[in-house]
There are 2 protein chains.
Amino acid sequence: MTAAPRTARDRARAELTHEIKDVARRHLAAEGAQRLSLRAVARELGMASSALYRYFPSRDELLTALIVDAYDAVGERVERAVEAAGPAGHPRAAWRGLCDAVRSWAREHPHEYALIYGSPVPGYQAPDDTLAPFSRVPFALLGILRDSGPDFAGPFGEADLPGPLATQFEAVVEAGGLDVPPATLARAVFAWAGVFGIVSFELFGQLAGSADPADPFFAYAVDRHADLLGLA
Amino acid sequence: MTAAPRTARDRARAELTHEIKDVARRHLAAEGAQRLSLRAVARELGMASSALYRYFPSRDELLTALIVDAYDAVGERVERAVEAAGPAGHPRAAWRGLCDAVRSWAREHPHEYALIYGSPVPGYQAPDDTLAPFSRVPFALLGILRDSGPDFAGPFGEADLPGPLATQFEAVVEAGGLDVPPATLARAVFAWAGVFGIVSFELFGQLAGSADPADPFFAYAVDRHADLLGLA
DNA sequence: ATGCGGCGAGAGCGGTGCTCTTGTTTGGGT
DNA sequence: ACCCAAACAAGAGCACCGCTCTCGCCGCAT
């Protein structure tokens, strides 16, 4: 993150900041963002609630810190899974690893998942330093597609982007320095939105009455998306 | 809903209940579920906050009523769109109408969308009378697929369900009295989760930096899902 | 006519986020 | 070595929240 703290005060501050986040994350995991209370965190730490404001200027700032951490957590989990599954050119296994990592992390940390992928907190808008953690999963997906090579074999043709979308995505590829064609980017967003939709449906109870134990359907959907992505 | 109210008291009660919901819905639309406050609603209605508890036993019950109304609102919007687009056997137009209806409703009512499709409120679990409004959009989609006839022409084969998923969805079809094959149900959930994912991504800011003005990508994705659904 | 039940209002409880003030500790510049 | 400013912890307090309880009032069915 930053340079090592020099003075004892800096060290204590860094430590306390970390402790606060830890306790807050535990409360978040147990009760959800809604019920996360600064005062309760302060109580558990044995300090006055007003003292917390030396470390986080508001409750929303604390939540933002937890959001960044959650993005990093799921991002690292996904990167590990992708790396473990497909270094030797098996992109479909890597894709499956990515999807399974997202889903299992989401099921283990539903409140943190809801915090980052569910409805945003009222006045929240992402600061710039959120961007890198925010992008880890999409970048991991793009990495799989890049490594899977240019030989696309999906059921959709290669040049199937309508004009406006092509120009828009060309600009995105340019601006982001991504070395994939725009059509691949489109397929990536399509697939990522698809698995996100299923995971959210499962977590938020929208699959009740249809794919209720979601494991078979999730595996099926992940495989169909792999077909669409043209993954070998 | 129920029989017409007879006495003046019943009439007043029904009217006030409606007024409370209206004011609450306005607050919800303006500020989000998080900031919806019983006391503020009571203030705007010129009554004591404690009096509201004669009509809704808790804040969560009020929110539940708003959830049901939101499901009904998006459901009716979708049904209208489907009916307007495709009565004469143009299933792809009907599917496009469904998707556009969902997205435009979501963009017009982001907080209500977040309420029903975003992270659920902490202790909430859907009561039984939520089931019908909850199911209107999925049923509309199944209606399109049923009317599109049995001649499936998508890029995936007809009998592509793995064993466990097939048996699970056969049971669902049986239990729900749905007259579609299990494979069609699977494709329906797949497609519905996909467009839901895109709409949620757009509303919750996850498309920032990729498909940021989402119109072209949404149209593209809806069309790709139509292909996958085998819609003519 | 009467009694009961629905109703509105008020006070009040425990909780929240956040601010302001007060006194203390700490560390760097002189 | 000292001194002062900055960082810090704590407490009181403000405005708000959901919710409960009690109290009078009034319409309605008996």
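In what follows, chains are A, B, ... by sequence order, proteins preceding strands, each numbered from 1. Just the heavy atoms: all of them, side chains too, but no hydrogens, waters or symmetry mates, feed the values below. Here the structure is a predicted model, which means the values were calculated and not measured.
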K.L.:
Which part of the nucleic acid, if any, lies within reach of B:Ala8 when heavy atoms closer than 4.0 Å are counted: base, sugar-phosphate only, or nothing?
P.N.:
sugar-phosphate
K.L.:
Could you tell me the separation between the CZ atom of A:Arg35 and the P atom of D:dG18, rounded to a whole number of Å?
P.N.:
13 Å
K.L.:
Cationic tip of B:Arg13 within the cone over B:Tyr55's six-membered ring, i.e. under 6.0 Å and within 45° of the normal?
P.N.:
yes
K.L.:
Can you tell whether the side chains of A:Glu15 and A:Arg11 come within less than 4.0 Å, N to carboxylate O?
P.N.:
no
K.L.:
Given atom OH of A:Tyr53 and atom P of C:dT16, what is their separation to the nearest angstrom?
P.N.:
11 Å
K.L.:
Nearest heavy-atom pair of B:Val82 and B:Ala94: which atoms, and what distance?
P.N.:
CG2-O, 3.9 Å
K.L.:
Does B:Arg54 make a side-chain N or O approach to OP1 or OP2 of C:dG6 shorter than 4.0 Å?
P.N.:
no
K.L.:
Just checking A:Leu16: base, sugar-phosphate only, or nothing, at a heavy-atom cut-off of under 4.0 Å?
P.N.:
sugar-phosphate
K.L.:
Heavy atoms only, 4.0 Å cut-off, all strands: where does A:Leu62 land among base, sugar-phosphate and nothing?
P.N.:
nothing
K.L.:
Please, which pairs that meet salt bridge (charged side-chain N to carboxylate O under 4.0 Å, His left out) have at least one residue in residues 39-53 of chain B, sequence neighbours excluded?
P.N.:
B:Arg26-B:Glu44
K.L.:
Please state how far atom CD in A:Gln34 lies from atom P in C:dT16, giving the value in whole angstrom units.
P.N.:
14 Å
K.L.:
Could you pick out which residue, A:Ser49 or B:Arg39, lies toward the 5' side of DNA chain D when each is mapped onto its nearest nucleotide?
P.N.:
A:Ser49
K.L.:
May I ask you to evaluate whether A:Arg13 reaches the phosphate of D:dC8, defined as a side-chain N or O under 4.0 Å from OP1 or OP2?
P.N.:
yes
K.L.:
Heavy atoms, side chains only, cut-off 4.5 Å: are A:Leu62 and A:Arg59 in contact?
P.N.:
no
K.L.:
Go through C:dA11, C:dG17, C:dC7 for me and flag the one nearest to the B:Tyr55 side chain.
P.N.:
C:dC7
K.L.:
Closest to the B:Thr7 side chain: D:dA29, C:dG8, C:dC18?
P.N.:
D:dA29
K.L.:
Which of these nucleotides, C:dC18, C:dT16, D:dA10, is closest to any side-chain atom of A:Arg59?
P.N.:
C:dC18
K.L.:
Quick one: on DNA chain C, does B:Gly46 or A:Pro57 contact a more 5' nucleotide (nearest heavy atom)?
P.N.:
B:Gly46
K.L.:
Taking the six-membered ring for Trp, are B:Tyr117 and B:Trp192 parallel (under 30°), tilted (30 to 60°) or perpendicular (over 60°)?
P.N.:
perpendicular
K.L.:
Rounding to an integer number of Å, can you tell me how far A:Glu61 CD sits from C:dG17 C1'?
P.N.:
14 Å
K.L.:
Could you tell me whether the phosphate oxygens of D:dG11, OP1 or OP2, come under 4.0 Å of any side-chain nitrogen or oxygen in A:Ser50?
P.N.:
no
K.L.:
Starting the side chain at C-beta, find the nucleotide from C:dG17, D:dC17, C:dA9 nearest to B:Met47.
P.N.:
C:dA9
K.L.:
Please report, rounded to the nearest Å, how far the C1' atom of C:dG6 is from the CZ atom of B:Arg11.
P.N.:
17 Å
K.L.:
So which pairs with a foot in residues 202-214 of chain A pass salt bridge (charged side-chain N to carboxylate O under 4.0 Å, His left out), sequence neighbours left out?
P.N.:
A:Arg103-A:Glu202, A:Arg107-A:Glu202
K.L.:
Rounding to a whole Å, what distance do you find between A:Glu19:CD and D:dC8:P?
P.N.:
15 Å
K.L.:
Using atom names, set out every protein N or O paired with an N or O of nucleotides 1-5 of chain C below 3.5 Å, distance rounded to 0.1 Å.
P.N.:
{"from": "C:dG5", "atom 1": "N2", "to": "B:Arg9", "atom 2": "NH2", "distance (Å)": "3.4"}

K.L.:
Grab the CG-P distance between B:Leu36 and D:dC17 for me, whole Å please.
P.N.:
10 Å
K.L.:
I'd like to know if the side chain of A:Tyr53 pairs up with that of A:Ser58 as donor and acceptor (distance under 3.5 Å, no hydrogens or angles considered).
P.N.:
no
K.L.:
Could you state the CG-C1' distance from A:Leu52 to C:dT19, rounded to the nearest angstrom?
P.N.:
14 Å
